[in-house]
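Please read these numbers as outputs of a predicted model, since none were measured by experiment. What's counted below: heavy atoms across the whole structure, side chains too, no hydrogens, waters or symmetry copies. Residue numbering restarts at 1 for every chain, and letters A, B, ... go by the order of the sequence lines.
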Number of protein chains: 2
Amino acid sequence: MNSDFTLAIHSLTLLALQPDRMSTSEYIAESAGVHPVRIRKVLSLLKKHGFIKSKEGTGGGFIFALELSEVSLWDIYKITSEGALQPKCPESNEQCIVGANMQSVLFTIFLGAENHLGEYLKDYTIKEVVSLINQK
Amino acid sequence: MNSDFTLAIHSLTLLALQPDRMSTSEYIAESAGVHPVRIRKVLSLLKKHGFIKSKEGTGGGFIFALELSEVSLWDIYKITSEGALQPKCPESNEQCIVGANMQSVLFTIFLGAENHLGEYLKDYTIKEVVSLINQK
DNA sequence: CCGATCTGTAATATTTATCATTGTAGTATA
DNA sequence: TATACTACAATGATAAATATTACAGATCGG
């Protein structure tokens, strides 16, 4: 699984705990253990989809834009990792009935798998994640 | 998703279509478009779990050991890719409540996700895959 | 208006993971 | 005993993920 997905969840959870002030990419990066530029890249996706707001300049940073329960892990998956479940087949032999058709058969099966996973991920929102973090 | 998973399915499907003779790693590799050594590596896992048999020497190779309907994609996933769904978190900051606990929260969630995926993959056996290939 | 502090983004370098290749030993067959 | 295989380890090449650097643009407070 794509680690942008993890980073997005981590970032949103952190923002959820700082509802009243802007958090900088450096602050988030420090918590997540990655480079600030990566955080900005991932968060710019989340911003594009309206989950967070950002502001440049002094005192700027990122802040949650919705209710915590309005953002599910499935939403985040779709933005950061759609298609990640698909196995990447090598170029196989078109002369062989298996080589020629395996890719499209697996594609179909994994499309279903991704939707099935979606049903599971929909049940977890950032609200749940925050409460799981707090339980620890 | 790990491509060993794909290779295993590809190989088993090919073996399913050659029920009466041994198939060599070179033959399978040609169909799958990868190096024979990789095929042998993946197939040795499947052999260890009793799904196929192998024989060395002239006229040797690999052959299916069970009924096609006895091998599901979930079985293959567990052998080749268990844990692949788990996002690989970077070392995060232990000083921060989020950094300190995110990994274990995500681990739990993705354990559930993998089991949920399992329910889906159990419905596809090599028999189904073969028939999907033939439909094309 | 100027300097400091941010985001936004592209370009490049570095690290890591994946995969191919080579080599060698062992087994079966004819 | 020569040939055709698997088995497996070790090394090398390639591709993907990630960090780093660099710079432009926004915002704020003197």
*Taking only heavy atoms on the protein side, list every residue of residues 78-86 of chain B lying under 4.0 Å from any atom of DNA chain C, sorted numerically.*
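Listed by number, there are none.
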*Nucleic acid contacts - residues 40-48 of chain A versus DNA chain C, non-hydrogen atoms under 4.0 Å*: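 Those residues whose heavy atoms fall under 4.0 Å from DNA chain C, taken from residues 40-48 of chain A in numerical order, are A/R40, A/K47.
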In whole Å, what is the span from the [atom1] atom of [X] to the [atom2] atom of [N]?
X	N	atom1	atom2	result
A/K53	C/dC6	NZ	C1'	17 Å
A/R38	C/dA10	CZ	P	17 Å
A/F62	D/dT27	CZ	P	14 Å
A/H35	C/dA10	NE2	P	17 Å
B/I39	C/dT21	CD1	C1'	15 Å
B/Y27	D/dT6	OH	C1'	18 Å
A/M22	C/dC6	CE	P	12 Å
B/I63	D/dC5	CD1	C1'	15 Å

Within the structure provided, determine whether [X] and [Y] are in side-chain contact (heavy-atom separation under 4.5 Å).
X	Y	answer
B/F62	B/L14	no
A/F5	B/F110	yes
A/I76	A/L121	no
A/L132	B/I109	yes
A/E26	A/I39	no

_Any donor-acceptor pair under 3.5 Å linking the side-chain atoms of A/S131 with those of A/N134?_
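There is no such pair (donor and acceptor under 3.5 Å, judged by atom type) between the side chains of A/N134 and A/S131.
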*According to the interplanar angle, ranging from 0 to 90°, do the rings of B/F51 and B/H49 count as parallel (below 30°), tilted (30 to 60°) or perpendicular (above 60°)?*
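Geometry flag for B/H49 against B/F51: parallel rings.
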_Atom CD of B/E70 with >12 non-hydrogen neighbours under 6.0 angstrom_ =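 Enclosed: over 12 neighbouring heavy atoms sit under 6.0 Å from CD of B/E70.
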*Select one nucleotide: of D/dT27, D/dA7, D/dC5, the one nearest the side-chain heavy atoms of B/T24.*
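Of all the options, the side chain of B/T24 is nearest to D/dC5.
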*How far apart are the C-alpha atoms of A/D75 and A/S72, what are their side-chain angles, what is the distance that settles it, and do they pass the side chain to side chain donor-acceptor pair (under 3.5 Å) test?*
CA-CA 5 Å; A/D75 295 324; A/S72 76; 3.2 Å; yes
_Using 0.5 Å steps for rounding, measure from the CG atom of A/L106 to the CG atom of A/L111._
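Answer rounded to 0.5 Å: 12.0 Å.
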_Gap between atom CD1 of A/I97 and atom CD1 of B/I133 - 0.5 Å precision_ =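 The distance works out to 7.0 Å.
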*According to a strict under-4.0 Å criterion, is A/S3 in side-chain N/O contact with OP1 or OP2 of D/dT18?*
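Yes, such a contact exists.
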Between protein and nucleic acid, restricted to nucleotides 1-5 of chain C and to nitrogen or oxygen atoms under 3.5 Å apart, what atom pairs and distances do you find?
residue : atom : partner : partner atom : Å
C/dA4   : N3   : A/T58   : OG1          : 3.4
C/dT5   : O4'  : A/T58   : OG1          : 3.3
C/dT5   : O2   : A/T58   : N            : 3.0

*When you match B/E26 and B/V37 each to their closest nucleotide on DNA chain D, which lands nearer the 5' end?*
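On the 5' side of the pair lies B/E26.
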